[in-house]
Amino acid sequence: RRDKLLPLERTAVARVLDQAARLAGDARKISSNLDATIDLLTEADYLARKADRRTIRGEDVEAAHAAQRSRADRIPSRLRESIMRGELLVDTVGAKTGQINGLSVYQVGSFAFGAPTRITATTRLGDGRVIDIQREVELSGAIHSKGVLTLSAFLAARFSGKSQFSLYASLSFEQTYGEVEGDSASLAELCALLSSLSGVPLRQSLAVTGSINQQGEVQAIGGVNETIEGFFDICSARGLTGDQGVVIPQSNVDHLMLRSDVIAAAEAGRFQVYAVSSVGEAVGVLTGMPYGDMDATVEPGADTVYGKVAQRLREYAALRRPSGEGGERGRRRREH
């Protein structure tokens, strides 16, 4: 009334509430940022009047929101273009060992958007270290470093509680040239490590977001809608196959307020959203193979991902043993 806008139809009211919930980052709340709502309604009013209508419809609000996104889309569109041209390497088909699509959120002013980033892991015999390449070259923030240390602690506690942790592993965010911050990639990094150790490939048609704790539980992250939509846009540009999707924390489900095109694709079975609460569940989705028992006191089955990881770490420990305290050199030292 104050701004003399056209009245809203029911569908328009619902769409405005959707956007207010998206701004709040929670499907159970709406944002009190009235300026953003007024900006959206003003543009929707203009579109309705241009179409010579006496009310604002849901399609007007949708079109106004799309126009707002389009005006802020320069950087995301450049990233998508680089991926589509093969300059930034992101796979959306097939399966590979030690490689996974992580999801990052970027903030440009008041506009946030998501984009996939390739994360790789390599493993070999060593002295129990997990190296974060970003941290080594001082391109890692404190929270990201905490996430890598946390996944390293989980790995050691789960698989090397009774033997030497004889692993040397390295993790890298490929083709990133600025600081990496946040722990929302720790689930993806751990899955890449488990894949490299077990030799079981990961589906490249999926992207992963979520942080973990030392018990292997998956924890909520921020910007879940933007991360899902960022990967969806790449998959959509290449052609949706029905095999593509994202893995998110179960605790983020209440925060989902996705764009209408993403919802339509999910309802049609052309794009999937998997919600997981543990590392094992994520590994199961990514590999299509049983992950094994989460309990560190239980020996995982040989035909599970955890079983293959445990076997590889036992082999590493056996290779190190001759030069350690349990081998010939250690015995000679004790005798002297």
Salt-bridge present ([X], [Y]; N to O < 4.0 Å):
| X | Y | value |
| --- | --- | --- |
| Lys96 | Asp91 | yes |
| Asp26 | Arg28 | no |
| Glu9 | Arg54 | no |

Residue pair Arg22, Asn225: steps toward the side chain to side chain contact (heavy atoms under 4.5 Å, CB included) verdict:
CA-CA 8 Å; Arg22 183 182 172 92; Asn225 294 296; 3.8 Å; yes
Check: [X] side chain, [Y] main-chain N or O, donor-acceptor pair, under 3.5 Å:
| X | Y | answer |
| --- | --- | --- |
| Ser31 | Ala24 | no |
| Gln19 | Ala14 | no |
| Ser251 | Ala220 | yes |
| Glu229 | Thr227 | no |
| Gln175 | Glu87 | yes |
| Glu189 | Leu151 | no |
| Asp254 | Ala27 | no |
| Ser211 | Ser186 | no |
| Ser77 | Asp73 | yes |
| Ser70 | Ala66 | no |

Separation between [atom1] of [X] and [atom2] of [Y], rounded to the nearest 0.5 Å:
| X | Y | atom1 | atom2 | result |
| --- | --- | --- | --- | --- |
| Asp39 | Gln68 | CG | CD | 6.5 Å |
| Arg135 | Ser145 | CZ | OG | 5.0 Å |
| Arg238 | Ser205 | CZ | OG | 12.0 Å |
| Phe159 | Arg312 | CZ | CZ | 12.5 Å |
| Asp303 | Lys308 | CG | NZ | 6.0 Å |
| Glu315 | Leu197 | CD | CG | 10.5 Å |

What are the two closest heavy atoms between [X] and [Y], and how far apart are they?
| X | Y | value |
| --- | --- | --- |
| Gln244 | Gly239 | NE2-O, 3.4 Å |
| Ile228 | Phe271 | CG2-CE2, 4.0 Å |
| Ser184 | Ile221 | CB-CG2, 3.4 Å |
| Ser196 | Thr123 | OG-OG1, 2.8 Å |
| Ser195 | Gly98 | OG-N, 2.9 Å |
| Phe111 | Pro76 | CE2-CG, 3.8 Å |

Given Leu103 and Ile248, is the side chain to side chain contact (heavy atoms under 4.5 Å, CB included) satisfied, shown in steps?
CA-CA 10 Å; Leu103 291 169; Ile248 66 168; 5.9 Å; no
Beyond-backbone contact of [X] with [Y], side-chain heavy atoms, under 4.5 angstrom:
| X | Y | value |
| --- | --- | --- |
| Val148 | Leu171 | yes |
| Ser277 | Val218 | no |
| Tyr168 | Ile131 | yes |
| Arg118 | Phe173 | no |
| Ile38 | Arg2 | yes |
| Arg203 | Asp243 | yes |
| Arg80 | Asp233 | yes |
| Arg124 | Leu167 | no |

Same cluster (ILVMFWY, side-chain, under 4.5 Å), [X] and [Y]:
| X | Y | result |
| --- | --- | --- |
| Leu5 | Val13 | yes |
| Leu286 | Met289 | yes |
| Val309 | Val285 | yes |
| Leu149 | Phe154 | no |
| Ile75 | Ile234 | yes |

May I have the step-by-step check of side chain to side chain contact (heavy atoms under 4.5 Å, CB included) for Thr209 and Val246, ending in yes or no?
CA-CA 8 Å; Thr209 186; Val246 292; over 6 Å; no
Quick check: are there more than 12 heavy atoms from other residues, nucleotides or ligands sitting under 6.0 Å from CD1 of Ile263?
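It does: Ile263 CD1 has more than 12 such atoms within range.
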Take a 6.0 Å sphere around CZ of Arg85 and say whether it holds more than 12 heavy atoms from other residues, nucleotides or ligands.
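Check fails, neighbour count at 12 or below.
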Taking the inter-plane angle between the rings of Phe113 and Tyr106 on a 0 to 90° scale, is it parallel (under 30°), tilted (30 to 60°) or perpendicular (over 60°)?
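The arrangement is parallel - the two ring planes meet at less than 30°.
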After noting the C-alpha distance and the side-chain angles of Thr120 and Glu174, does the key distance pass the side chain to side chain donor-acceptor pair (under 3.5 Å) rule?
CA-CA 7 Å; Thr120 58; Glu174 305 293 357; 2.4 Å; yes
As a quick check of understanding, evaluate side chain to side chain contact (heavy atoms under 4.5 Å, CB included) for Phe232 and Leu240, giving each step before the final call.
CA-CA 9 Å; Phe232 173 84; Leu240 295 176; 3.8 Å; yes
Pair Asp60-Arg53, salt bridge (Lys or Arg N to Asp or Glu O under 4.0 Å): steps then yes or no:
CA-CA 10 Å; Asp60 298 318; Arg53 287 195 291 270; 2.3 Å; yes
Take Gln204 and Thr92 through the side chain to side chain donor-acceptor pair (under 3.5 Å) test and state the conclusion after the steps.
CA-CA 5 Å; Gln204 300 301 296; Thr92 54; over 6 Å; no
